[in-house]
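Throughout, a chain's letter reflects where its sequence line sits, starting with A, and its residues are numbered from 1. Being a predicted model, the structure only gives us computed values, none of them experimental.
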Amino acid sequence: MLAPVLAAILAPMTAFAAVAVTPLAAEAAVTKANCQVTTVLMSKDGDGTIPPELEFMKPSLQNDEFAAYKGFHLIERKAVKLALATKTDSSFTSGHRLGLTLMGGDEKRLKLHADLSSRDGSKSLVSLEYSIENDGLFMIGAGSYSNEAHSGKLFFAIQCGGAS
Amino acid sequence: MVPTDADDHTLVEAAKSGDRRAFQLLFERYERKVYAVAYGFLRSQEDALDVVQDAFIKVFRYLPNFEGQSSFYTWLYRITANLCIDYLRRNTRKKDVEFDDKLRHDGDPESSPVDALPASVLGSPGEAVENKEILTAVEDSLKYLSDKHRAVIVMRELQGLSYADMAKAMNCSKGTIMSRLFHARRNMQKLLRERLEHLPEPSEDGAEEPQTEAALP
Amino acid sequence: MKYDNDIPTQAGDLQAFFDGELEGPDAERMARSVEADAELRAHLGQMTLMRDLVGRSMEMRAAEVPRARFEQIWDEIDRTISEDARSVEAPASFWQRVWSAIRPFRVPAFAAVAAAAVAVVVLRSGDAPPVNQEPEVASVPRSAEPAPPDAKVAPGPASIPAPAIAESFPSPRAADAEIHGIEFGGKQGRISHTGVVTVLYVEEDAATQKSERSL
């Protein structure tokens, strides 16, 4: 009696684990990745329009997650080329440094490591390993930020596509 | 400026002296907990968010009178519970039958409660609380409790309010709270058991397989 | 402890023991009973499980609310308490006090004024010009209206010029990321999966957030 019960409880977890592990472990076909990192300042003032330079990520910016923000301002955009297991550091005008490492992946999914430093570079704000579909967008909200024109929160939007 | 990890007392004192950022930190610390309580009472996201807003506005307005005899969160939860109860009173549907404390669990208070939940379905407590289907069944069971029964369950299990605080919030005696809580728990167990019995079980053949896979590195 | 008389004493005592409402000798007596009676222990276990389940199910719901909703609520709270502060700081002017004083008479007064205005209009309509007379302001043909600006994409000048990028990227695919391991640098963070994009929030120290609520 207990075995099927445990199976009922464990089944979703094991199925999830199998999906997560198999493709990355089995096919390490990707050895390079091209990424673009876009820093966006989101502010509470504005009329909610998405400027043309951020049009490419409009579905994400219009998600409920960012419903509190009415102004979207491109701060910077960088192209980053990654090689397998090699950390590539990029500096941003905000003062942050972002280290990206391609950990593996295939034509569908990439596994990456990201390390974001504080604005003064003195410490790591977050260090994480994640996997995401090729060309999926991953965002990091890095706290408050102001420039001459706007105040709000700064987000790093990381988009990577694999290449062999 | 107070650090973000300052304790509640420090933040409350700073907020009392006009530090808006300190009050915001208190809000951010408790926003989801207060929401969970309000959602438990009201079962509607929008209504629960309205209560979160009203609760913190009320807290800020009464902050100068808060002398710290109870902890901040106990005070906050008490205010939240009062707002939810007021809300339910204002929006009372005519469900007088459901308000009878004794109804629903087939009445025999002497019956053993131990077999009320199918322990075999739940597995160990640790496994049960990780299982989303079980948690959804819990939420569904709460939905079918009467407003009064749900209120005592939420106040006690979620907020940890004392019987005295609950009695004050519900404007009744401690004895009534005891009785109401007793029947509410019985009803909850009954409703939950009904739902858990319908959880699908995998076939015996596949039963061992996931455990084996789970053990793999 | 005194209960309403519809529950058995032992069940009531056990519940009070579980809820931490028994004190002194009563609590000690019940602790001994629980230690000696497997059925009571099982009942306590069930109540503990129920408490965990209720807490976790509500936490699960709370975790589904996007952070932005709470930010909107904070903005509203912030605005309300700012208004409270302003109303305390600024004493009411003479006219505000007069306005408050006539509060009970406002509605009937406005109703009387409105009724008088309607009466004037009705009486004057007897002198109205013929119905085929050209209106003083002609409506602009629809085709002549200026085209409304595209509401979705702002054409306006960005305050910061769009930087060039070497390669063009496809539009991001709607996908959630899966986090395999994470370490926050001192301050806590939060992860939000939306089905379109995964957002990770981190915070710097309080000092660097000083300008946060100038938003």
Just checking [X]: does its [atom1] atom have more than 12 heavy atoms from other residues, nucleotides or ligands closer to it than 6.0 angstrom?
X	atom1	result
E183(C)	CD	no
F66(B)	CZ	yes
K168(B)	NZ	no
D7(B)	CG	yes

With no hydrogens and no angle check, is any side-chain donor or acceptor of E76(C) less than 3.5 Å from a backbone partner on Q53(B)?
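Between the backbone of Q53(B) and the side chain of E76(C) there is no qualifying donor-acceptor contact (under 3.5 Å).
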[atom1]/[X] to [atom2]/[Y] distance, rounded to the nearest 0.5 angstrom?
X	Y	atom1	atom2	answer
I153(B)	R51(C)	CD1	CZ	9.5 Å
I81(C)	F60(B)	CD1	CZ	4.0 Å
L49(C)	Q189(B)	CG	CD	9.0 Å
Q45(B)	R69(C)	CD	CZ	6.0 Å
K33(B)	M58(C)	NZ	CE	15.5 Å
L142(B)	L53(C)	CG	CG	10.0 Å

Checking [X] against chain C: side chain, backbone, both or neither under 4.5 Å from a heavy atom?
X	value
T136(B)	both
Q159(B)	neither
Y39(B)	both
E31(B)	both

Please give me the minimum heavy-atom distance between [X] and [Y], naming the atom from each residue.
X	Y	answer
D19(C)	L181(B)	OD2-CD2, 3.4 Å
R20(B)	D78(C)	NH1-OD1, 2.5 Å
V138(B)	S57(C)	CG1-OG, 3.6 Å
M178(B)	A16(C)	CE-CB, 4.2 Å

Is there a side-chain contact between E157(B) and M47(C) in this structure, where contact means two heavy atoms from C-beta onward sitting under 4.5 Å apart?
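Not in contact.
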Engaged part of R61(C) at the chain B interface, taking heavy atoms whose separation is under 4.5 Å
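The answer is both parts of R61(C).
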Parallel, tilted or perpendicular: which describes the rings of Y35(B) and F70(C), with under 30° parallel and over 60° perpendicular?
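It falls in the perpendicular class, over 60°.
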Sole residue of Q46(C), Q15(C), M50(C) in side chain to side chain contact (heavy atoms under 4.5 Å, CB included) with R185(B)
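Exactly one candidate clears the test, Q15(C).
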Which one wins on heavy-atom pair count under 4.5 Å against chain B: L44(C), T48(C), V65(C)?
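Highest number of pairs under 4.5 Å: V65(C).
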